[in-house]
*Asks:* 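Below you'll find the structure I mean.
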Amino acid sequence: MIPGGPSWGREDPAVVLLEDDRTTAVLISGVLAATNMFNPIECFGTGREALDYLERSIARGVAPVLLVLDLSLPDLSGLDVLRWVRARPEFDAVAVVMLTGSGNDRDIDRAYEIGIDAYLVKPAGIHGLPDVVKGLGLPYLLLPRAG
Amino acid sequence: MTNGAILDPAAIQALRELAGKPGVGTSVITELVETYLTGALERCVEIEAASGAGDLDEVRRQAHALAGASGCVGALEVMSCCRELEAKAERGDVDGIALLAAGLGEAVGEARAALQAEFAG
């Protein structure tokens with residue numbers, strides 16, 4: 001547990017990965033693992049599963065520290081999930097990165113209007129994720145475990 | 001040695017660098033490639049079925065997903081083929097889709113051989 005962090009409870013704050021393609025999810029998880037971050041990664045393939053997890057996290061009093069969202073999903077869009085998150089004060093401190101195959105200006109503008117912290121385009125953006133996340137200055141992420 | 005026509009050398013290099021980092025290792029790359037190849041074959045079947053049924057939305061959706069996954073492992077030829085499939089699905093080019101869909105499996109087979117050669121052992 002990290003005292004005083006964005007988690008309200010006693011668990012390490014998680015990184016939530018919303019990605020419906022398994023290959024992409026494996027690569028993103030590997031890229032994040034390479035940073036030696038201690039945070040657990042919770043991976044979901046649908047927007048509904050991610051929202052269920054986030055609802056449970058409110059009930060448990062444990063906020064994630066970072067959401068990495070795909071835009072195009074089988075049910076809800078990444079923007080729907082982002083809108084849901086930004087409407088809840090419990091998640092005010094949660095950073096959100098959109099990691100998507102779409103480099104469409106309209107998608108980028110809409111995502112920033114709703115409140116993302118960074119927008120990356122796959123596949124090249126996947127390998128740039130650690131640097132972007134470090135640039136967000138999240139104090140409870142990407143820290144190697146002591147010992 | 002990277003087969004430039006089938007694989008993207010920059011993507012392969014990025015995967016090699018990732019495999020060399022502490023906490024990752026070659027097992028992650030092996031898992032990545034195996035996950036990709038399994039999913040790619042499944043999506044080929046879905047695309048051919050959707051093409052045969054004239055379901056262009058499903059062709060576009062599956063091709064979009066396979067293009068994204070292919071980009072992750074640097075499967076350039078498969079990605080290119082899928083981008084074309086997406087474009088043809090959006091244009092309603094049924095004949096063009098059938099032709100491309102029929103050749104997609106071969107492209108995935110070539111990607112399989114090239115990826116296994118890159119990351120074997």
Side-chain angles (χ1 to χ4, degrees), chain A residues 15 17-41 43 45-47 68-78 98-104 107 120-132 134 141-147, chain B residues 7-44 46 57-58 60-76 78-80 82-83 86 90 108 111-112 115 119:
Chain A
V15 171
L17 171 58
L18 178 52
E19 171 57 65
D20 64 322
D21 179 71
R22 280 188 48 78
T23 302
T24 309
V26 169
L27 179 56
I28 295 172
S29 298
V31 166
L32 289 173
T35 66
N36 286 328
M37 71 177 195
F38 61 84
N39 310 71
I41 300 174
C43 190
T46 69
V68 180
L69 306 179
D70 190 9
L71 187 60
S72 178
L73 297 162
D75 52 354
L76 306 170
S77 79
M98 193 67 75
L99 184 50
T100 167
S102 170
N104 182 295
D107 288 334
L120 296 172
V121 179
K122 294 183 286 194
I126 295 172
H127 294 281
L129 181 61
D131 284 343
V132 167
K134 281 176 190 170
L141 191 68
L142 305 177
L143 300 176
R145 282 193 185 281
Chain B
L7 301 180
D8 174 6
I12 298 303
Q13 180 59 28
L15 294 181
R16 288 195 184 289
E17 287 173 10
L18 179 62
K21 291 185 177 173
V24 182
T26 54
S27 63
V28 169
I29 305 303
T30 301
E31 181 189 359
L32 178 72
V33 170
E34 286 178 358
T35 302
Y36 168 71
L37 291 172
T38 301
L41 289 175
E42 290 170 0
R43 293 204 188 275
C44 279
E46 296 292 336
D57 281 347
E58 183 64 8
R60 191 201 56 74
R61 197 180 73 77
Q62 293 287 348
H64 177 80
L66 181 51
S70 300
C72 289
V73 297
L76 203 56
V78 177
M79 184 167 72
S80 170
C82 288
R83 294 290 185 223
E86 280 188 83
E90 282 168 11
V108 170
R112 169 191 291 275
L115 286 166
F119 297 111

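Note on naming: letters A, B, ... go to the chains in the order of the sequence lines (proteins, then strands), and numbering restarts at 1 for each one.
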*Asks:* Which atom pairs, one donor and one acceptor, sit under 3.5 Å between chain A and chain B?
*Replies:*
unit_1: A/T23; atom_1: OG1; unit_2: B/Y36; atom_2: N; d: 3.4

*Asks:* Using non-hydrogen atoms and a 4.5 Å limit, figure out which bit of A/L27 sits close to chain B: side chain, backbone, both or neither.
*Replies:* both

*Asks:* What is the minimum heavy-atom distance between A/P123 and B/C72, and which atoms define it?
*Replies:* CB-N, 4.1 Å

*Asks:* side-chain contact (heavy atoms from CB on, under 4.5 Å) with B/V33: which residues, sequence neighbours excluded?
*Replies:* B/I29, B/L37, B/L115, B/F119

*Asks:* Return the minimal non-hydrogen interatomic distance between B/V28 and A/G30, and the atom names on each side.
*Replies:*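 Closest pair (atom of B/V28, atom of A/G30, distance): CG1-CA, 4.1 Å.
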
*Asks:* At a heavy-atom distance under 4.5 Å, which candidate from B/A67, B/G68, B/A40, B/A14 has the highest pair count against chain A?
*Replies:* B/A14

*Asks:* Looking at every heavy atom in both B/V24 and A/A33, which two are closest together, and how far apart are they?
*Replies:* CG2-C, 4.3 Å

